[in-house]
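In what follows, a single structure is set out as structure tokens and then discussed.
Position 1 is the first residue of the sequence; numbering continues from there. What's counted below: heavy atoms across the whole structure, side chains too, no hydrogens, waters or symmetry copies.
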Amino acid sequence: QIQRAAMCAIANLAESVETHESLIKMCVVKTISNLVTIVTDSKIVQEISRLLAFISTNDIAKEDIFAHQLLPYLIKFSRRTDKETQRYSTLVICHLILHPIKNEFYHNHDLLRVLMFLTKCHDLHVERCSILSLGILGFGVDSNCKELIANDEIFDGLLKGMHHEHIPIKQTSSLALNC
């Protein structure tokens, strides 16, 4: 219970952009990287994902997330059945794709396949974040990424998104197809 409450309190602090610099100075990402290897409590995993979703808007925090190799854990968390953890993890991945290091990380972690899996999720937030992530990757200058997004499975998935009943899914699919 104490660990849950502590993780929740830190995630609550991360909600405020004004605290990000202090949290980074306190090495919160490094602490999280040590915790993710041993945590089994699903509520703590959810709070870790929530904290990272908020703090990953900060470029220094993004670099820390890469440096402490949290991407494999975020991918793992994004595939959990807990919708909140899945949403927060997918949002972190979306934030990370905006970082210049993105080209290296999507090749090393089979990120496109994971994002395609997430586009088929039955949660609109997760679908939208994963489609948006594909679009961001496609708008990059890396021609390999454009070729990968143009593969049949990904392209078909994005086309299906164009016919989705939810307008933001249609919009993000359109954006991703425009790469």
Side-chain angles (χ1 to χ4, degrees), residues 3-4 6-15 17 19-20 23-24 26-140 142 145 148-149 154 157 172 176:
Q3 287 177 335
R4 282 183 177 188
M7 206 56 243
C8 180
I10 295 169
N12 287 343
L13 284 173
E15 284 186 28
V17 176
T19 64
H20 290 184
L23 289 169
I24 292 165
M26 293 172 26
C27 301
V28 73
V29 174
K30 180 180 179 183
T31 303
I32 294 300
S33 72
N34 294 328
L35 185 60
V36 294
T37 61
I38 58 171
V39 69
T40 56
D41 186 312
S42 62
K43 183 63 178 166
I44 294 174
V45 170
Q46 180 181 341
E47 294 299 342
I48 287 171
S49 299
R50 184 167 73 99
L51 171 118
L52 291 172
F54 292 124
I55 203 165
S56 64
T57 60
N58 180 293
D59 286 338
I60 295 169
K62 287 176 192 171
E63 291 173 14
D64 286 350
I65 292 169
F66 285 116
H68 290 94
Q69 301 178 349
L70 288 173
L71 182 62
Y73 296 100
L74 290 165
I75 290 171
K76 182 175 151 184
F77 295 165
S78 72
R79 298 183 111 172
R80 293 176 72 104
T81 56
D82 168 30
K83 291 299 177 194
E84 293 300 313
T85 301
Q86 199 174 45
R87 286 176 186 162
Y88 289 127
S89 300
T90 307
L91 184 57
V92 178
I93 291 169
C94 190
H95 290 159
L96 292 176
I97 287 174
L98 292 169
H99 195 277
I101 282 181
K102 71 180 181 192
N103 293 338
E104 178 183 319
F105 100 175
Y106 78 79
H107 285 299
N108 292 340
H109 298 286
D110 203 16
L111 188 59
L112 290 173
R113 181 162 53 232
V114 172
L115 290 171
M116 270 315 297
F117 168 80
L118 293 171
T119 64
K120 298 171 188 168
C121 179
H122 296 291
D123 182 90
L124 294 176
H125 181 78
V126 173
E127 283 182 70
R128 192 173 66 232
C129 278
S130 56
I131 292 170
L132 183 60
S133 296
L134 287 168
I136 293 166
L137 284 171
F139 278 122
D142 188 344
C145 184
L148 289 171
I149 288 178
I154 294 173
T172 52

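Residues satisfying the side chain to side chain donor-acceptor pair (under 3.5 Å) test with Ser49, not counting sequence neighbours, are Ser89. Qualifying side chain to side chain donor-acceptor pair (under 3.5 Å) partners for Lys76, counting only residues two or more places apart in sequence or in other chains: none. Judged as a side-chain contact (heavy atoms from CB on, under 4.5 Å), and not counting sequence neighbours, the contacts of Arg79 are Phe117. For Asp82, the side-chain contact (heavy atoms from CB on, under 4.5 Å) partners at least two apart in sequence or on another chain are Gln46, Glu84, Thr85. Scored by the side-chain contact (heavy atoms from CB on, under 4.5 Å) test, Ile60 finds Ile24, Asn58, Asp64 as partners (sequence neighbours excluded). Taking Ser56 as the reference, His95 meet the side chain to side chain donor-acceptor pair (under 3.5 Å) condition, with sequence neighbours excluded. When the salt bridge (charged side-chain N to carboxylate O under 4.0 Å, His left out) test is applied to Arg80, no partner is found at least two apart in sequence or on another chain. Remark: Thr31 pairs with no residue by the side-chain contact (heavy atoms from CB on, under 4.5 Å) rule, at least two apart or across chains. Qualifying side chain to side chain donor-acceptor pair (under 3.5 Å) partners for Glu15, counting only residues two or more places apart in sequence or in other chains: Arg50.
Here the side chains of Lys43 and Cys8 are not in contact, with every heavy-atom distance at 4.5 Å or above. A 4.5 Å side-chain heavy-atom check between Leu118 and Gln86 finds at least one atom pair inside the cut-off. Side-chain contact between Leu74 and Ile65 is present, with heavy atoms from C-beta onward closer than 4.5 Å. Under the 4.5 Å side-chain criterion, counting only non-hydrogen atoms from C-beta, Phe77 is not in contact with Val92.
With rounding to the nearest 0.5 angstrom, the OH atom of Tyr73 is 5.5 Å from the OG1 atom of Thr37. Cys27 SG to Ile32 CD1: the interatomic distance, rounded to the nearest 0.5 Å, is 12.0 Å. Atom CG in Leu51 sits 9.0 Å away from atom CD in Glu47 (nearest 0.5 Å). Between the CG atom in Asp41 and the CE atom in Met7 there is a gap of 11.5 Å [rounded to 0.5 Å]. Expressed to the nearest 0.5 Å, how far OG1 of Thr19 lies from CE of Met26 amounts to 9.0 Å. How far CG of Leu132 is from CD1 of Ile93: 12.5 Å, rounded to the nearest 0.5 Å.
Judged as a salt bridge (charged side-chain N to carboxylate O under 4.0 Å, His left out), not a single pair has a partner in residues 90-99 (not counting sequence neighbours).
Listed for the Thr90 side chain is no donor-acceptor partner under 3.5 Å among the backbone atoms of Val126.
Of all non-hydrogen atoms in Ala14 and Leu23, the two that sit nearest each other are CA-CD1, 3.7 Å.
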